[in-house]
Structures are given as C-alpha cells and as structure tokens.
Amino acid sequence: MEESTSDGTELRSIVRGVIEEFVQAEQAKAEPAYKAELLDERKRREHLERRVDELIQENQRSRELAEEASRSTAIRSELQRLGVAKVDLAYRAVKDDVQRAEDGRLTAHGTQGEMPLRDYLVHFVQENPELLPARIAGGSGMGSGPKTAPNAGGFDLDKIRPGMSAEDMEKVRQEISRVANQAMRGQ
C-alpha cells in the first residue's frame, strides 16, 4: 500500500509539473502578444498626442491670424474715417505701433505714451497731412482751357432711336462729347 501512495504522490507531482510547464509555456506565448499590443497602444497614444499638439498649434496660428486681420481692419477703417487718401501707406506706417490691450481695446504707443487707437491715428494724420487728399485740385501743370458748365439736363439713353429729329440728334452728340471730354480730363 505504501508503494501505491508513493506512486500517487509521485504521479501528482509529475502532473503538477506538467501543468506548471504548460501554464508557463502559455504565458510565454501570450507575453509577446501582450507586449506587441502594448507597443501598438503606445504608438497610437503617441500619434494622438502629436496630432493634438499639431491641432493646438494650428488653432493658435488661426487665432493669431484672426487677431491680425481684426486689428488690420480696425486700423484701416479708422484711417478711412479720418479721410486718409493713402490708406495702405498710412497703415504700414502705424501697424507696428498698435496692439490689443488686455481688456480687448486697440491701443497704440506713440510719442505721447499709450493712447486709444482713434486718438493716436488723429494725432498721426495731423502730423502727416500729406496722407490727406489734396485741397486744391489745380496746380502748375493744369491747363487753362475754357471751362464748360456741367449740363444738368443730361440725356436719357432710352430716347436715342433711329429716325430722331436732327435737333435731338445734335443734343445727343453734344452730350456724348461733353461726357467724353470730362472723362479725358479726369473729372
């Protein structure tokens, strides 16, 4: 009987050994799959993190461009309201002095310190009157030809038809001549 007990114990230890070997073999098989899966997950996570960083940077650039466009539009429209004829030239001269304050207002840092955009531009235009339109239309190169008074009547284009009277036809010719002459002189 002792022999059967020792054989049973030995058999159990053999079975346990085989089962342990089998479990270890299965774990060894599954471990590379886990590692590969973890590696894939890490790659996916890193890719997503890079993409999020790219989107954050793109969003920041878009905000900066929108801010610049808003600032540019505000400066240009204010220059137009002040009657500046050479808006692009004036804009290039003042654009670097204008910033957005923390409260959202546009301010400029000029010779008199920090001031609101409108006040700065008014001061700038007063200091640079050459940006305003010329006050006298004539000059030394302007010809002294006979001035014709503008014809207030004009002529309706719908009234021009074949078979018009000679008098109406002459009025049409004179009106066309007057308009062409004004266009040639740039009035």
Side-chain angles (χ1 to χ4, degrees), residues 6-137 139 141 182-187:
S6 65
D7 282 342
T9 323
E10 212 175 284
L11 185 61
R12 282 186 181 171
S13 66
I14 292 175
V15 170
R16 276 190 192 139
V18 169
I19 291 174
E20 286 175 6
E21 283 181 31
F22 176 76
V23 168
Q24 287 176 356
E26 287 299 310
Q27 285 178 347
K29 286 182 192 175
E31 194 170 299
Y34 289 137
K35 285 183 179 179
E37 188 176 333
L38 286 173
L39 186 61
D40 287 345
E41 286 296 320
R42 182 183 310 144
K43 285 180 182 178
R44 268 189 249 137
R45 187 191 80 237
E46 289 172 353
H47 173 72
L48 289 173
E49 287 173 352
R50 277 193 307 272
R51 183 67 182 137
V52 166
D53 289 342
E54 290 171 3
L55 289 173
I56 289 171
Q57 290 174 351
E58 185 178 323
N59 186 10
Q60 182 66 28
R61 282 191 302 269
S62 295
R63 286 178 188 255
E64 288 171 0
L65 287 174
E67 167 60 27
E68 178 61 28
S70 169
R71 187 172 69 97
S72 173
T73 302
I75 294 170
R76 289 176 189 268
S77 65
E78 192 61 40
L79 286 169
Q80 286 175 343
R81 274 189 228 123
L82 293 172
V84 173
K86 301 172 183 174
V87 174
D88 289 333
L89 181 63
Y91 171 74
R92 282 182 286 189
V94 300
K95 72 178 180 177
D96 294 331
D97 296 337
V98 178
Q99 307 91 0
R100 190 164 298 275
E102 291 177 11
D103 62 356
R105 295 179 303 118
L106 285 174
T107 60
H109 187 72
T111 56
Q112 300 172 341
E114 188 108 355
M115 58 177 51
L117 176 66
R118 178 157 176 74
D119 296 343
Y120 175 76
L121 291 178
V122 166
H123 182 70
F124 177 79
V125 170
Q126 287 172 351
E127 287 181 347
N128 299 286
E130 65 274 8
L131 298 172
L132 295 172
R135 292 186 180 164
I136 301 172
Q182 282 180 345
M184 294 294 283
R185 285 188 287 157
Q187 293 181 348

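These numbers come from the heavy atoms of this one structure, side chains and all, not from hydrogens, waters or symmetry mates. Residue numbers run from 1 in the order of the sequence given.
If you take CG on L121 and CD1 on I75, they are separated by 7.0 Å, rounding to the nearest 0.5 Å. Atom CD of Q60 is separated from atom CG of L65 by 10.5 Å, given to the nearest 0.5 angstrom. Distance check: I56 CD1 to E54 CD gives 10.5 Å after rounding to the nearest 0.5 Å. Atom OG1 of T107 sits about 10.0 Å away from atom CD of E102, to the nearest 0.5 Å.
R118 has its side chain out of reach of L106: every pair of non-hydrogen atoms, C-beta onward, lies at least 4.5 Å apart. Two residues are said to be in side-chain contact when any heavy atoms from C-beta on lie closer than 4.5 Å; Q126 and V122 meet this criterion. Residues E67 and E64 form no side-chain contact, since every pair of their non-hydrogen atoms from C-beta on lies 4.5 Å or further apart. Counting heavy atoms from C-beta on, the side chains of K95 and V98 never come closer than 4.5 Å. Counting heavy atoms from C-beta on, the side chains of V125 and L132 come closer than 4.5 Å. Counting only heavy atoms from C-beta outward, the side chains of H123 and D119 never approach each other to under 4.5 Å. Counting heavy atoms from C-beta on, the side chains of Y91 and V84 never come closer than 4.5 Å. Contact of the L117 side chain with the R105 side chain is not registered, since no non-hydrogen atoms from C-beta on lie closer than 4.5 Å.
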- Message: One pair to check against salt bridge (charged side-chain N to carboxylate O under 4.0 Å, His left out): E46 and K43. What are the steps and the verdict?
- Response: CA-CA 5 Å; E46 289 172 353; K43 285 180 182 178; over 6 Å; no
- Apply salt bridge (charged side-chain N to carboxylate O under 4.0 Å, His left out) to the pair E20 and R16, showing each step before the final yes or no. CA-CA 6 Å; E20 286 175 6; R16 276 190 192 139; over 6 Å; no
- Query: So R42 and L39, side-chain contact (heavy atoms from CB on, under 4.5 Å) or not? Walk me through it.
  - Reply: CA-CA 5 Å; R42 182 183 310 144; L39 186 61; 4.0 Å; yes
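Between E41 and R44 there is a salt bridge, since at least one side-chain N of the basic residue sits less than 4.0 Å from a carboxylate O of the acidic one.
Side-chain atoms of S62 come within 3.5 Å of backbone atoms of E58 as a donor-acceptor pair (strictly under, hydrogens ignored). Although no hydrogens or angles enter the test, the distance criterion places no donor-acceptor pair under 3.5 Å between the side chain of R71 and the main chain of R100. Not a single donor-acceptor pair under 3.5 Å links the side chain of S72 to the backbone N or O of E68.
Contact detail for P133 and G83: the closest heavy-atom pair is CD-O, 3.1 Å. Here the closest heavy-atom approach between residue H109 and residue Q99 is recorded as N-OE1, 4.2 Å.
Within 6.0 Å of atom CZ in R45, more than 12 heavy atoms from other residues, nucleotides or ligands are found, so the atom counts as buried in its surroundings.
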